[in-house]
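Notes follow once the structure below has been shown.
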Protein chains: 4
Amino acid sequence: MSTEERVRHAAVRLFAEKGFHGTGIRELAQEAGISSASLYHYMGTKEDLLVAIMRECLDRLLRGARQAVDGVADPRRRLASLVSLHVLVHARQPAETRVVDNEVPALSESARKEVVGLRDQYEQLWADAIDDGLRHRVFTVAEPTVTRLALLEMCSGVARWYSPRGPLDLDRLAGHYACLALRMLGSADDECPQAVETARMVVSRVW
Amino acid sequence: MSTEERVRHAAVRLFAEKGFHGTGIRELAQEAGISSASLYHYMGTKEDLLVAIMRECLDRLLRGARQAVDGVADPRRRLASLVSLHVLVHARQPAETRVVDNEVPALSESARKEVVGLRDQYEQLWADAIDDGLRHRVFTVAEPTVTRLALLEMCSGVARWYSPRGPLDLDRLAGHYACLALRMLGSADDECPQAVETARMVVSRVW
Amino acid sequence: MSTEERVRHAAVRLFAEKGFHGTGIRELAQEAGISSASLYHYMGTKEDLLVAIMRECLDRLLRGARQAVDGVADPRRRLASLVSLHVLVHARQPAETRVVDNEVPALSESARKEVVGLRDQYEQLWADAIDDGLRHRVFTVAEPTVTRLALLEMCSGVARWYSPRGPLDLDRLAGHYACLALRMLGSADDECPQAVETARMVVSRVW
Amino acid sequence: MSTEERVRHAAVRLFAEKGFHGTGIRELAQEAGISSASLYHYMGTKEDLLVAIMRECLDRLLRGARQAVDGVADPRRRLASLVSLHVLVHARQPAETRVVDNEVPALSESARKEVVGLRDQYEQLWADAIDDGLRHRVFTVAEPTVTRLALLEMCSGVARWYSPRGPLDLDRLAGHYACLALRMLGSADDECPQAVETARMVVSRVW
DNA sequence: AATGAATGAGTGTTCATTCAT
DNA sequence: TATGAATGAACACTCATTCAT
């Protein structure tokens, strides 16, 4: 593993564990196995490093999500795939995703704009699937916007508690969340296994 | 409003907005309208202040939750009331609840133990309702533990986005979440209005 | 002497001796007899301190120069008084004046504008006296602008070498420079003693 | 232009513009178009580079000054030639000369001794001319030492303001300063054109 | 009750310099 | 000849906290 990768990994781990402001540059350097001065060969400012982490994670998520929904007509399958992918990624990369989810307020104005922009594009894919499902009457739910937010928070929460050492494997986890999501939307939950399959394929392609 | 309250409010607002480590003592003092030295008449250390905020919030939530479920036999109504209460509180007090949800890693070992202990007691009430519902076959869900976590994350997420200036009033919000929850558990969602009523009563009693 | 004054004196001494960039904040603190953290009770940034020193020195010089020329009709006496005052001040306060003369490039854009503005006002008084003298034919010199600059550099140079422990007292020094200046301008040099008298009075009033 | 020359030029430019302590090694490298590590193939330490610049400039000036006065009997012509040469050099090479004039305090003890020694030899030529002129009664001035310092500061000041884009060409500038100098010394100022001629010849030989 | 003054330890970042390649 | 990589020390500045008044 290159030094640059070690720096990145150290930052992801520490920012996730102690927060951006709770992580010192010297701590970061020690975790990466170099001096704090050397750190600056591999990054700009501490914030630049944070932005790079967020951008890459969101970029991948957005790219993956697009692959998961592109060309899929059935909104139930689209939504289920989005949920599965989101859960898979949050369970496999809890550190990265927690940084993305928690440290937005630590960003400066301009960086925040970029990051929020990416996140908005991503969430739009969820909104489209939900709207489509409502229009085609395969979803029945009172508040689509609130429900979308509820879904996203529910799925992102996985990064806060999932442990690979627990009894649940990733596929069953993702499948279960897909079921919960379809239930919330008032739909039958028989699309889940195929959605998990799609999500797994996307993950193997993008990560 | 007493000075002590002003300090508490300032801390809640800033810890929620910028995080514990992102908030300076001088910033806190300025927001409270006193000098940073005077701050120390109203608190111990900065961490003591954080702990006090978390403890009070969790205490109230736990007390409220107990009032909401005590003596209620139907697990659907218990669960729906817990969800409604949780959502109401997170929508009405987003700053306090975000501090509780986000700043646990900023605590020292011993303080963390206490706070996590309170949270565990609180979550146990949810677990009990779910288990009870499964036992009585009013709930049908594959992974009760995962589902409980999904529910909690979904509901806590409200604090991250709800705005009182939006189109949804608190009661409808709480009711909608109760419906979503019952759906997730594979139950009919006709207990929601009463659950909201219960939650409102509890809130008015405890806060 | 108050702590604030000690800080100011330390800064003047060190900035003059080693330059702004050559003076560390810790060195400054040590010279002032406080910790480097305490320094920040008595100043904004290091640059703010520099600007304050420059502003005060230039303000005084400008005020003094105006008092020295106001209401004096004879341009020879005006010019001689300006020279005497300039020399007196640079000999008595070599540290302050060297900071003003040497550290302008260390200033940020906006601060530099202010400082250069003050200096320009000051130099204008010299330009006016010279122009007036040429118009009234009491001065005879080919290049008035160049000559003004030559005069100013010559007089400012005093701060770089004059020592109060040398054989020349301040009055004779100032008088000699006034003579040199009048000679450069092609004028008789009999106004000097009165000019020194004027300068001494101004100095005692403004400093 | 060789890399070594590019380094030298970059250093001269930056040391003059921002001072020795205000110039970073990376900045220097960038200005020279190489990496900061490569810099060390062409210099010793940063201070060595400064010393080399100063030494060369002072060496040339001293050599030039000797050529300008050697074998010239008339002290007026000697003094006028020294002034002309000094002004020409300071106007043509403002960066080098400002470094020499401003950065002496940045030198370590031993380097400072060497540089000050060169400067003293140079100034001695001025002192000799003045003393000679006084002895032969072609100069009339009260304080020869002070006057020498005033002359030197006046002439060195040229480097701080002269611009080749201004209305004055170098010869007229040098001639004007020679006149000012002779006036200061109480002498007729008719030696100037020849002095400028001498200075120009010396410059073309030494630089 | 309130705060100006004070500080040791720490912040993120840059410094001049070295060295293996 | 040239440079990426590396670093200990220093940079200007802020931290949470204490204490005399």
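The sequence lines fix the lettering, A, B, ..., with proteins before strands; numbering per chain opens at 1. Since the model is a prediction, treat every value here as computed from it, not as a measurement.
- Rounded to an integer number of Å, the gap from A:Ile34 CD1 to F:dG8 C1' is 14 Å.
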- request: Determine, stepwise, if the pair D:Arg8 / D:Glu5 fulfils salt bridge (charged side-chain N to carboxylate O under 4.0 Å, His left out).
  value: CA-CA 5 Å; D:Arg8 181 70 70 98; D:Glu5 286 169 325; over 6 Å; no
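- In this structure, NZ of A:Lys18 is placed 13 Å from P of E:dG10, rounded to the nearest angstrom.
- The main-chain N or O of A:Gly33 is never found under 3.5 Å from a side-chain atom of A:Arg6 such that the two would form a donor-acceptor pair.
- Of the residues listed (C:Arg119, C:His90, C:Arg160), the one engaging C:Asp101 in a side chain to side chain donor-acceptor pair (under 3.5 Å) is C:His90, and it is the only one.
- On a pure distance criterion of 3.5 Å, a polar donor-acceptor pair joins the side chain of A:Arg26 and the base of E:dG12.
- Looking at B:Asp48, its side chain does come within 3.5 Å of a backbone N or O of B:Thr45 through a donor-acceptor pair.
- Rounded to a whole Å, the CZ atom of C:Phe15 is 9 Å from the P atom of F:dA12.
- Between the CG atom of D:Leu50 and the P atom of E:dT17 there is a distance of 12 Å, given to the nearest Å.
- Between A:Tyr40 atom OH and E:dT11 atom P there is a gap of 11 Å when expressed in whole angstrom units.
- Between E:dT7, F:dT17, E:dT17, one nucleotide has an atom nearer to the side chain of C:Ser35 than all others, and that is E:dT7.
- Taken together, the paired segments of DNA chain E that extend over three or more consecutive Watson-Crick or G-U pairs, each closer than 3.5 Å at both contacts, are E:2-21 with F:2-21.
- Atoms CG (C:Leu39) and P (E:dA5) sit 14 Å apart, rounded to a whole Å.
- When rounded to the nearest whole Å, the span between CD of C:Glu47 and C1' of F:dC11 equals 16 Å.
- Here F:dA9 presents its C1' atom at 15 Å from CD of C:Glu27, a figure rounded to the nearest Å.
- Both C:Gly44 and B:Met43 sit near DNA chain F, but only C:Gly44 has its closest nucleotide nearer the 5' end.
- No side-chain donor-acceptor contact under 3.5 Å links D:Lys46 to the backbone of D:Gly24.
- Sequence order on DNA chain F of the closest nucleotides to A:Ser36 and C:Thr45 puts A:Ser36 first from the 5' end.
- To the nearest 0.5 Å, the span separating CG on C:Asn102 from CE on C:Met54 amounts to 8.5 Å.
- Listed candidates were F:dT7, F:dC19, E:dT13. Nearest to the side chain of A:His41 is F:dT7.
- Among the heavy atoms of the strands lying under 4.0 Å from C:Thr23 are primed sugar atoms or P, OP1, OP2 only; no base atom is included.
- Residue A:Ser38 places at least one side-chain N or O under 4.0 Å from the OP1 or OP2 atom of F:dT7.
- Considering only residues two or more places apart in sequence or on other chains, D:Ala106 meets the side-chain contact (heavy atoms from CB on, under 4.5 Å) condition with D:Phe20, D:His21, D:Leu50, D:Glu103.
- The 5' end of DNA chain E is approached more closely, in terms of each residue's nearest nucleotide, by C:Ala37 than by the other of C:Ala37 and D:His21.
- When the nucleotides E:dG8, E:dA16, F:dT17 are ranked by their closest atom to the side chain of D:Lys46, E:dA16 comes out on top.
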